[in-house]
Every structure is written in C-alpha cells, then in structure tokens.
Amino acid sequence: MTSRVRTAADRDAFAAETAPFRRELLAHCYRMVGSAHDAEDLVQETYLRAWRHYDGFDGRASIRTWLYTIATNVCLSAVRPRPIRVLPSGLGGPCEDPDRIPTPVASGEVSWLEPLPDRWLTPDVDDPAAVVIARESVRLALIASLQRLPARQRAILLLREVLAFSASDTADILDTTVAAVKSGLQRARAKLDESSPEPAGLLEPADERARALLDGYIAAFEHADAALLEQVLRADATLEATPFREWRAGRTLCIQLLAAFVFGAPGQWRLLPTTANGRPAAAVYRRHSGGELRANGIVVLAATDTGVARVIAFENPTLVPIFGFPPVLTD
C-alpha cells in the first residue's frame, strides 16, 4: 500500500493543529536535556516525525498528548548516549585560593548546562500566575538537579508534576505501566529532595529591585568597578562560569577573581539586559583588539531582596544570538 500524497491542505491542517504547542515543547525538551541548542534540534525532530506520521494520528489521544509522546521519546533517545550536563558547582566544592588563575576544562571533557531565553518560555496567555509557574519550572538549580536523574525518571517527573499529565497518560506516553510511573515519580522526588535549596527571597525579573541589581552588576562590569560590585553581591554570593571548573563562594573571593582576572580596563565589556530561566540576565560582549565588541556569552543572576546571591556566566558566544542579540555590536 502506498502512502497518500500530502497536499497543501494537509500541511495547513497540520500547522494549525500543532503550531500552538511549539513553545511549550521547546521548554519540555530543554528541561529534559539542559541545552537550548539541543532543545531546538529536538523540537524540529519532533515536528518532522509528527508530520511523517500525521496520517496515522487517530484522535484517540489529544494532539497535545500525541506531540508530547513524540517529543519525550525523541529526548530519551537523544540523552541515552550523552553525558549529563552540569554546572561547575556540580563538579566539586568552591576554590578557596584567591590567586589561582581560572583555566578552562578541556574541550569534550564536560558537557555544560545552557541557559534558556525567557522569550521561548512565556505562555501565550495573559495569566501572570502561569508565567511564574513556567519560569519556576526552568530555574537553573532545578534543571541542574533534573539532569542527575535517570532519564526516564526525569521524564516521569516532568510529565506528572510540571505538565500535569495523569499517571495513566504518562504511562501511555512512555509505554509503561501506571505502577512503574508511580514508583519512578517517588524515586525522582526523593532524589530531588537531596538537592541544595535555592536562596530565599528570589525576585522576579520584572521586580524593580531585581532590575536595580542587574543594572548595578552591568555598571560594575562595564566600569571595572569592584566597589560597585560589592554593593550588588550578597556576602554569601557564589560565582561560577562555564567552561571553568573552579568557582568561588563568598563576596570577597568573587570580587577578587573578577578584579584580578576578568574586569580589565573600563570599556572592556558591554552587557545588554535580558532574562533567562526566569531570572534577570545579560548578554555579554567583550572588546577585542580591533575595537569591535564580540559576543562572549550570557550571565544569569539569582537576585534576592538582600542582593545577588548567585552569578552564573555561560561563556559561549553561540548562546547570544538565540537570545535575540547580534554576534557583534557596533559602538
């Protein structure tokens, strides 16, 4: 039997039914794999498979459940042969030597977690509560913890507790039993409970206090001003940056590191505000010898009502364009 030839009407019907779910599928794939780049590729593969099998969609499940079945199994296949993605703090304790020069981890030795642009995440609804819930489900501490779960446990927890699928629907998506889903969820919850809690008093990116802290951090960097940075960071602040294994704990050590090895002269850096993983963030540019400002990466702040508690810098120029910024700035 030969497949029916697809028509323009088929493509239009497919797009009309499936396009509304692309953004939430991007977030789901990101939660599964910890990489914005990979999430894009996996959603593309999900839609290719869905289009390929659209003729066979019989409507017994909703189109949303059908797409999540495809996306989840695409992710499970993708993560099976890969090392888990981590942050520097997931590799060991903080470095306490203020004179130690940060050295990058050898290429291919570690698979690093990546940030997610909030513009990929915000629900297409005028519902502030839904926006907050969506942001909390991709906070970096949670994504880092999720990566340490076995992949199927990770999928079970996300399907049940983030996406609110029933145990029965989750079992169907994963081609397993309801008992296995309940057992996997229990084990996943227990493992997550072992993770370190996030700082208290975290602020939403739109909060005026969060914006002020981000502005202060940007000004400190652009002016190479350690005194200004001291006003922004909490005493117990931590600082980590991929692709470096060493990270710092405590405001004094964080500032010593930046002042000694990062700041350079005023004007060396340019930071443009954005949001990532439900937190205030900035696209980072570094001035090169020719004078042009080239993309360096993304920095994400955990802003609290008592100052910035955590700074995570992702030194990867390819991240900047997915946040909607150009690879090179002109003054």
Side-chain angles (χ1 to χ4, degrees), residues 85-105 110 112-115 139-145 195-203 205 210 212-264 268-286 296-317 319-320:
R85 291 185 175 271
V86 298
L87 292 170
S89 54
L91 299 176
C95 175
E96 298 180 355
D97 180 359
D99 299 319
R100 183 168 181 175
I101 301 174
T103 53
V105 174
V110 174
W112 296 112
L113 202 69
E114 292 179 357
R139 67 187 193 274
L140 282 167
L142 174 61
I143 299 301
S145 298
S195 303
S196 300
E198 285 203 295
L202 282 167
L203 303 173
L213 288 169
L214 177 61
D215 289 345
Y217 185 87
I218 290 174
F221 239 80
E222 293 186 343
H223 295 93
D225 188 338
L228 181 54
L229 192 60
E230 188 170 2
Q231 299 174 29
V232 173
L233 298 181
R234 291 189 349 180
D236 61 350
T238 61
L239 169 66
E240 53 190 308
T242 66
F244 303 96
R245 183 183 300 272
E246 299 90 356
W247 57 286
R248 301 296 197 269
R251 178 170 56 205
T252 299
L253 286 176
C254 293
I255 293 175
Q256 286 176 345
L257 170 72
L258 293 172
F261 304 115
V262 181
F263 275 168
Q268 181 76 20
W269 300 92
R270 179 78 55 80
L271 279 69
L272 303 179
T274 185
T275 54
N277 297 81
R279 301 291 177 249
V284 182
Y285 292 81
R286 185 171 190 170
N296 179 264
I298 300 293
V299 63
V300 183
L301 308 182
T304 76
D305 48 15
T306 56
V308 173
R310 190 179 190 190
V311 179
I312 306 177
F314 300 88
E315 295 194 11
N316 180 350
L319 291 169
V320 172

Rounded to the nearest 0.5 Å, how far does [atom2] of [Y] lie from [atom1] of [X]?
{"X": "R270", "Y": "I218", "atom1": "CZ", "atom2": "CD1", "result": "11.0 Å"}
{"X": "L257", "Y": "I101", "atom1": "CG", "atom2": "CD1", "result": "10.5 Å"}
{"X": "T242", "Y": "E114", "atom1": "OG1", "atom2": "CD", "result": "8.5 Å"}
{"X": "S89", "Y": "I312", "atom1": "OG", "atom2": "CD1", "result": "6.5 Å"}

Of the non-hydrogen atoms in [X] and [Y], which two are nearest, and what is the gap between them?
{"X": "P115", "Y": "A276", "result": "CB-CB, 4.3 Å"}
{"X": "V320", "Y": "V284", "result": "CG2-O, 4.4 Å"}
{"X": "A224", "Y": "G264", "result": "CB-O, 3.5 Å"}
{"X": "V232", "Y": "G216", "result": "CG2-C, 3.7 Å"}
{"X": "P280", "Y": "A303", "result": "CG-CB, 3.9 Å"}
{"X": "L253", "Y": "P98", "result": "CD2-CB, 3.9 Å"}

| query | Can you list every ring pair (Phe, Tyr, Trp, His ring centres under 6.0 Å) pair that touches residues 214-251, not counting sequence neighbours? | reply |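 Passing the test, one end in residues 214-251: Y217-F221, F221-F263, F221-W269.
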| query | Which pairs count as salt bridge (charged side-chain N to carboxylate O under 4.0 Å, His left out) when at least one residue sits in residues 239-255, sequence neighbours excluded? | reply |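 Sorted result for residues 239-255: R100-E246, E109-R245, E240-R310.
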| message | Between L213 and L301, is the side-chain contact (heavy atoms from CB on, under 4.5 Å) condition met? List the steps. | response | CA-CA 9 Å; L213 288 169; L301 308 182; 5.6 Å; no
| Of all residues at least two apart in sequence or in a different chain, which pass the side-chain hydrogen bond (donor to acceptor under 3.5 Å, both in side chains) check with T238? |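 With neighbours one apart ignored, the set is empty.
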| message | I'd like to check the side-chain hydrogen bond (donor to acceptor under 3.5 Å, both in side chains) partners of N316; sequence neighbours left out, ordered by chain and number. | response |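 side-chain hydrogen bond (donor to acceptor under 3.5 Å, both in side chains) check on N316 returns T318.
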| field | Partners meeting salt bridge (charged side-chain N to carboxylate O under 4.0 Å, His left out) with R286 (sequence neighbours left out) | value |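 R286 satisfies salt bridge (charged side-chain N to carboxylate O under 4.0 Å, His left out) with no other residue.
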| request: Using salt bridge (charged side-chain N to carboxylate O under 4.0 Å, His left out) as the criterion, list what pairs up with D225, not counting sequence neighbours. | output: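 D225 satisfies salt bridge (charged side-chain N to carboxylate O under 4.0 Å, His left out) with no other residue.
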Pairing residues for [X] by the side chain to side chain contact (heavy atoms under 4.5 Å, CB included) criterion, not counting sequence neighbours:
{"X": "P243", "result": "P104, W112, E315"}
{"X": "A220", "result": "L228, L229"}
{"X": "E96", "result": "none"}

| field | Residue pairs, two or more places apart or on separate chains, that pass side-chain hydrogen bond (donor to acceptor under 3.5 Å, both in side chains) and touch residues 297-308 | value |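 Output for this query lists R234-T304, R234-T306, T304-T306.
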| request: Would you sort out whether V311 and L233 count as a side-chain contact (heavy atoms from CB on, under 4.5 Å), showing the intermediate values? | output: CA-CA 9 Å; V311 179; L233 298 181; 4.0 Å; yes
